K.L.:
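Have a look at this one before I ask anything.
Throughout, numbering of the chain's residues begins at 1 and tracks the sequence. Here the structure is a predicted model, which is why all the values come from computation and not from measurement.
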Amino acid sequence: MKKSVFMLALLIVCGSVWAYNPPVGSEDIFEFSDPELLSGAGSATGGPLASVVPASITFNPALTALSQRTAVNASYSIAFDTASDSSFGHFIQLGTILPNRWCVIAATAQATFADMTRMDLGQNIIIHAGASKDITNKLSVGANIYTGFYFGDTSDFTIGADLGMIYQFDNFAFLRKPRLGIALLNLGKPLSDLDSSYPSILTPRVSLSATLFEERGFSGAVSADVSAPFFQNVIVDTAIGFAYKSIVGLTFKWTFNAQEAARGVPFSLPAIGVHIRFAINSNKFSSRNEDWEQSELGPSIAWQNRYDGLQIISTGMHMDLGLADTTAPEIILWDGEE
């Protein structure tokens, strides 16, 4: 009996290994819908500038523990192929982050409509919901559950979970605020069409990022991610970012996909993105809570030329509600009065 179970498991694994043939671009499907993710923040540490949006949980569910304020996010991307045909792809994302005294709740939904010749991702909707928590002032952990549907000529569904953690080290040599992110993604059933499945089941991801310099409000940072979808591919994401305080950020991201390179898929140019944050001083957000008058609005835009002619233009709007809590609580044990 034990031998039969072992042989059956071995055949399933071998069959899955043989069947690994994801569509071009499918391993990056969750970064296409948001400009910050496309241009650097699609990382298990939030990228060089530690940017966090609701869809960050698709790269590491622990990332939203870095967020202290309620946030809402909406973004849209269009893809068009100037080298092959006139087909278009559309990516839409909506999400929210909801901190509370116990943990940080986040949810995001992405809709993909990309029946393109060179990046055929079909039509699907995938929803993620997760919770994260800072265990110490250095360590945060998180977990997601997700589900989604593929529709079109065929139909299918996906369901599964993600796990992740982030650890921030002390400054080391010229590296400031170095961070380590580890995530185990896509623990479940992937979407499938007639020929392939994606995103790949069981994808470990490791990320390192750090600030290189900070001078008079200006800063520069780098990040590097390595992921191994189903242990049959290696994807390397590197990014560099520059920022002035928390007002404006400029980021660049480049991806190397070993499996796509082996298949002769043309290399992509680095993605470039810009995001801005500015305060909204308006009491219309809340008549009873003055802190909510200090909300921030953040438009962003990104562009990338992928696969020698497939253009992706992404735009988004991020809003943080309320005032960030940067002051530690004051504890008085004795006020000196009898």
Side-chain angles (χ1 to χ4, degrees), residues 30-31 34 36-37 40-73 95-110 126-148 158-172 175-188 199-211 221 223-231 235 237 239 318 320 324-326 328-329:
F30 295 123
E31 72 180 40
D34 187 276
E36 295 193 47
L37 298 181
S43 160
T45 54
L49 303 182
S51 303
V52 177
V53 296
S56 295
I57 63 176
T58 60
F59 294 87
N60 186 342
L63 279 170
T64 49
L66 303 177
S67 181
Q68 299 179 343
R69 294 184 284 180
T70 297
V72 292
N73 184 276
T96 186
I97 299 174
L98 302 170
N100 59 61
R101 67 179 65 183
W102 300 284
C103 63
V104 179
I105 303 297
T108 183
Q110 175 173 309
I126 303 177
I127 300 170
H128 285 73
S132 59
K133 183 174 181 59
D134 50 347
I135 304 301
T136 69
N137 60 350
K138 293 181 178 293
L139 176 65
S140 299
V141 298
N144 292 336
I145 56 174
Y146 64 84
T147 188
T158 181
I159 188 170
D162 306 316
L163 303 173
M165 57 82 67
I166 297 176
Y167 188 85
Q168 181 166 320
F169 296 91
D170 295 326
N171 293 348
F172 178 76
L175 300 178
R176 303 181 183 185
K177 304 175 184 177
R179 303 181 303 278
L180 169 67
I182 300 176
L184 195 57
L185 308 173
N186 308 328
L187 301 174
S200 296
I201 185 174
L202 189 59
T203 300
R205 189 180 189 104
V206 178
S207 174
L208 287 170
S209 60
T211 299
S223 69
D225 284 54
V226 178
S227 58
F230 206 18
F231 299 98
I235 301 174
D237 294 286
H318 183 84
D320 287 307
D325 183 8
T326 58

K.L.:
Might you point out which heavy atoms bring Ala109 and Ile127 nearest each other, and give the distance in Å?
P.N.:
CB-CG1, 4.0 Å
K.L.:
Of all residues at least two apart in sequence or in a different chain, which pass the ring pair (Phe, Tyr, Trp, His ring centres under 6.0 Å) check with His318?
P.N.:
none
K.L.:
Using the side-chain contact (heavy atoms from CB on, under 4.5 Å) definition, which of the options Ile57, Thr64, Leu63 pairs with Ile97?
P.N.:
Thr64
K.L.:
Give me the one residue out of Ile166, Asn144, Val141 that meets side-chain contact (heavy atoms from CB on, under 4.5 Å) with Pro61.
P.N.:
Asn144
K.L.:
Does any non-hydrogen side-chain atom of Leu180 lie less than 4.5 Å from one of Ser207?
P.N.:
no
K.L.:
Could you tell me the separation between the CD atom of Glu31 and the CG atom of Leu37, rounded to the nearest 0.5 Å?
P.N.:
7.5 Å
K.L.:
Not counting sequence neighbours, which residues clear ring pair (Phe, Tyr, Trp, His ring centres under 6.0 Å) with Tyr146? List them please.
P.N.:
His128
K.L.:
With no hydrogens and no angle check, is any side-chain donor or acceptor of Ser132 less than 3.5 Å from a backbone partner on Gly142?
P.N.:
no
K.L.:
To check you understand the geometry: which heavy-atom pair defines the closest contact between Ala210 and Pro178, and what is its length?
P.N.:
CB-CA, 3.9 Å
K.L.:
Counting distance only, does the side-chain N/O of Ser223 pair as donor-acceptor with the main-chain N or O of Leu208 below 3.5 Å?
P.N.:
no
K.L.:
Which heavy atom of Asn60 sits nearest to which heavy atom of Gly181, and what is that distance?
P.N.:
ND2-CA, 4.1 Å
K.L.:
Any side-chain hydrogen bond (donor to acceptor under 3.5 Å, both in side chains) pairs touching residues 48-59, not counting sequence neighbours?
P.N.:
none
K.L.:
Distance check, rounded to the nearest 0.5 Å: Thr70 atom OG1 versus Asp320 atom CG?
P.N.:
9.0 Å
K.L.:
How close do Pro229 and Ile235 get, counting heavy atoms only, and between which atoms?
P.N.:
CG-CD1, 3.8 Å
K.L.:
Heavy atoms only: give me the nearest Asn186-Ser200 pair and the separation to one decimal.
P.N.:
ND2-O, 3.0 Å
K.L.:
Check Ser43 against Phe59 and note the closest heavy-atom contact, atom names and distance.
P.N.:
O-CB, 3.6 Å
K.L.:
Just verifying a value: how many Å separate Leu66 CG and Arg179 CZ, rounded to the nearest 0.5 Å?
P.N.:
7.5 Å
K.L.:
Main chain of Gln168, side chain of Lys177: is a donor-acceptor contact present, judged purely on distance under 3.5 Å?
P.N.:
no
K.L.:
Could you list the residues that satisfy ring pair (Phe, Tyr, Trp, His ring centres under 6.0 Å) with Phe169, not counting sequence neighbours?
P.N.:
Tyr167
K.L.:
Please step through side-chain contact (heavy atoms from CB on, under 4.5 Å) for the pair Leu202 and Leu184, ending with a clear verdict.
P.N.:
CA-CA 7 Å; Leu202 189 59; Leu184 195 57; 3.9 Å; yes
K.L.:
Taking only residues two or more places apart in sequence or in another chain, which ones pass side chain to side chain donor-acceptor pair (under 3.5 Å) with Arg205?
P.N.:
Asp225, Asp237
K.L.:
So which pairs with a foot in residues 136-148 pass salt bridge (Lys or Arg N to Asp or Glu O under 4.0 Å), sequence neighbours left out?
P.N.:
Lys138-Asp170
K.L.:
Any sub-3.5 Å donor-acceptor pair from Thr96's side-chain atoms to Ala71's backbone N or O?
P.N.:
yes
